[in-house]
Amino acid sequence: MFKLSEIIKSIAVSAWFMFLTFPILVIKVNTYEKTIDWRWKNMILIGIASFFLSFLWRYMLKQKEYGSDKKKSKASSFFKNTVKNPKFYTSSIVLILCLIIAFPFVFSIYQTNIMTSALMYVVLGLGLNIVVGLAGLLDLGYVAFFAVGAYSYALLNHHFGITFFMALPIGALLGAFFGILLGFPVLRLKGDYLAIVTLGFGEIIRLILENWNDFSFGPSGIANIPKPSFFGINLSIYETTTYMYFIMILLVFLTVFVVNRLEDSRIGRAWIALKEDEVACQAMGIDKTKTKLYAFATGAAWAGLAGVVFAAKTSFINPASFTFLESAIILSLIVLGGMGSIFGVITGAFIFILLPEYLRAFSDYRMLVFGAAMVLMMVFRPQGIIKKRRRFYKISDSGGKKQR
Amino acid sequence: MNPVLEVSKLSMNFGGLKALENISLDIFQNEIVSLIGPNGAGKTTFFNCITGIYTPVSGDIFISSLPQKTEKENICGLKPNIITKKGMARTFQNIRLFQNMTVLENVMIGRHVRTHAGIIASVLKLKKTRNEEKKIVDDSYNILKKTGIENFANEKASTLPYGAQRKLEIARALATEPFLLLLDEPAAGMNPAETIELGLLIKEIREKENISILLIEHDMKFVMNLCDKIFVLDYGKKIASGTPDAIQNNPVVIKAYLGEDFDFDA
Ligand SMILES: Nc1ncnc2c1ncn2[C@@H]1O[C@H](COP(=O)(O)OP(=O)(O)OP(=O)(O)O)[C@@H](O)[C@H]1O
Ligand SMILES: [Mg+2]
């Protein structure tokens, strides 16, 4: 393993890293005394670290190429057997349910709040996953539907006093409506072109909200959006937070239920086929237009729903909350978690939203760590943390029974 | 009796290239018909035109799915999915399976056009939808059995051997319940044993399912043994048509194939 050529390669890598990090880690300008500190020690540390890490890197790449199958089989078969064991299965579900219910009572308001936003991103992720992960339509303007949901609650409440629970379905429907509205012009577009146009659409919605003062109150946004009421009882801040948390939990369950059903249905299969091969899909009699619009509408509906919750949760919204960055985050969490897989998207959302919160301690480096983690993921596990498995149909020859 | 497919004076251009010029052809119920011709003659383009993938420049395409009863219907310029719904299904020369879906799922996609569950029905999953789903699985599996690839049912389509992939294309097309099956070089890349099997399968489809077949093929022995009627294209023009015997002895056809390493007795 330690051939000369490899050592030379590693030396080159470490030299390159020393050069790259030179301006940030070595030079330090002391603005008070107007002197420059040369921190050569950092350079040496970087050199040594990258030298050894480059070996690890190559070793992992090799592992990925061939060794992985063999090693996996033992560990993963043990894992699978444990998971498949019905006792383990039911007990772990009960455990998770207990954890979910206990969470807001055990942890602080702050933690519950963060968890509620993570759950909101689960819903957003699952919605976008319909469009991107299943139907293969790269939508970079997804945040627009989130904005539609949020503003529909804020404005309807402001003008007509519509309550939160009435706004939920309205937000979802309006989201779906805008999904179709966007869907029509981009039906013929694919891949990069689709991405660009949807990105543009997202920005248009934001710019309209920013500039149409009479309608949306412009950049100053809308404040005092009421939290959901609990049968008319006044709740304390702590109670409202807990209440929001449980509403969000229910919405996540609803989303998972619906998306799971859809994925496994006639429509869901059509979406996946559309992603695989559009021409073959049409030749099999699938209406491309309809199927795409269905995907845009069902995907956007969840964003609308999440938007209503967002408005209620923060009780203040303005266009700045709906920038392209949000779309990018939602898309990244899908990619990180595992495109097309429900469990993957949930995992992705938790990692993507919770990790940066808890990494706040290292606030200077958290984006760096995060970026590095994303790059590593793409190299070593491009399919995401959880890989989507195709469904297995068990067929007995006599009739035809199917099971998971 | 009407022909199941009647194409009249079909033309197609790509820029200046006349890919098809005034092609007329008809296929009657229960016939196996072949379309042959040298590379680049326009055979695949012909398929693409009659299945709606391309819109022809001029010409008419009539179908009558129930030749005894129905009037003929012009399908020229309709969308591919509508044409499939009307009962014409095809395979592709360069295999176009849904690679990351399982073999069974590929066939289940073919059932899409004959089933109904929408979004709301799929979410509620009431009895009707459950039964439909079950029927989709059963029907698809039966089609796999018919084509002899049921052993691969739960495998990813991309992992199949080449011959089985070609068969899966046929299975998927059959799932749409066509009255006319269009096969674009179904035997390409198959070994001799597989080719013979394929010939039997095609005959069986014709007999048991009452489906007419139009196929493009370069394997002359295969074509001559299987087909009732042959049309020959060259540079976008129809240069001959007739029974296998007539075609084999037609000097125009022989000339078109000269210079290529084709041997009718091969
Ligand atoms: N989309 C297209 N754009 C431009 N030219 C095309 C297109 N499709 C086909 N052609 C041209 O039309 C002619 C006929 O092509 P076609 O694929 O129909 O031939 P073919 O008979 O199927 O040949 P092969 O036996 O090699 O499959 C060729 O000259 C081809 O280059
Ligand atoms: Mg061809």
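Order of the sequence lines fixes the chain letters, A, B, ..., with proteins taken first and strands second; residue numbering starts at 1 for each chain.
Atom-to-atom distance recorded for Ser265(A):OG and Leu124(B):CG is 11.5 Å, nearest 0.5 angstrom. Atoms NZ and CE, from Lys85(B) and Met284(A) in turn, are 15.0 Å apart once rounded to the nearest 0.5 Å. The line from CG of Asp287(A) to OG1 of Thr84(B) is 11.0 Å long, rounded to the nearest 0.5 Å.
Among Leu104(B), Thr51(B), Leu97(B), Ile83(B), the residue with the largest count of heavy-atom pairs under 4.5 Å with chain A is Leu104(B). Counting heavy-atom pairs closer than 4.5 Å to chain A, the top residue among Gly52(B), Ala175(B), Ala117(B), Ala89(B) is Ala117(B). Your options are Arg114(B), His116(B), Lys86(B), and the one with the most heavy-atom pairs under 4.5 Å with chain A is His116(B). Ranked by heavy-atom pairs shorter than 4.5 Å toward chain A, the options Met108(B), Lys156(B), Arg90(B) are led by Met108(B).
Looking at Glu132(B), only its side chain comes within 4.5 Å of chain A, counting heavy atoms on both sides. Both the backbone and the side chain of Ile119(B) come within less than 4.5 Å of a heavy atom of chain A. Residue Lys79(B) touches chain A through its side chain alone, counting heavy-atom pairs closer than 4.5 Å. For Thr291(A), no part lies under 4.5 angstrom from a heavy atom of chain B. Using a 4.5 Å cut-off between heavy atoms, Ile82(B) does not touch chain A at all.
Of all heavy-atom pairs spanning Asp277(A) and Phe98(B), the tightest one is O-CE2, 3.7 Å. Here the closest heavy-atom approach between residue Asn81(B) and residue Ile286(A) is recorded as CB-O, 3.4 Å. Nearest heavy-atom pair, Ala283(A) versus Phe92(B), reported as atom, atom and distance to 0.1 Å: CB-CZ, 3.7 Å. Between Tyr393(A) and Asn154(B), the shortest heavy-atom distance links the atoms O-ND2, 2.5 Å. Across all non-hydrogen atoms, the minimal contact from Asp264(A) to Glu133(B) is O-OE1, 3.8 Å.
For Arg266(A) (side chain) and Thr115(B) (main-chain N/O), a donor-acceptor pair under 3.5 Å exists by modelled atom type. Using modelled atom types, one side-chain atom of Glu276(A) and one backbone atom of Asn100(B) make a donor-acceptor pair closer than 3.5 Å.
Under the 3.5 Å distance criterion, with hydrogens and angles disregarded, no donor-acceptor pair is assigned to the side chains of Ser122(B) and Arg261(A).
Ile93(A) CD1: more than 12 foreign heavy atoms inside a 6.0 Å radius. Counting non-hydrogen atoms of other residues, nucleotides and ligands closer than 6.0 Å to CZ of Phe177(A) gives a total of 12 or fewer. Within a 6.0 Å sphere centred on CZ of Phe184(A), other residues, nucleotides and ligands contribute 12 heavy atoms or fewer. Counting heavy-atom neighbours within 6.0 Å of Phe343(A) CZ, excluding the residue itself, gives a total of 12 or less.
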Item to check | Step-by-step salt bridge (Lys or Arg N to Asp or Glu O under 4.0 Å) determination, Arg96(B) to Glu278(A) | outcome: CA-CA 10 Å; Arg96(B) 297 191 86 135; Glu278(A) 242 178 56; over 6 Å; no
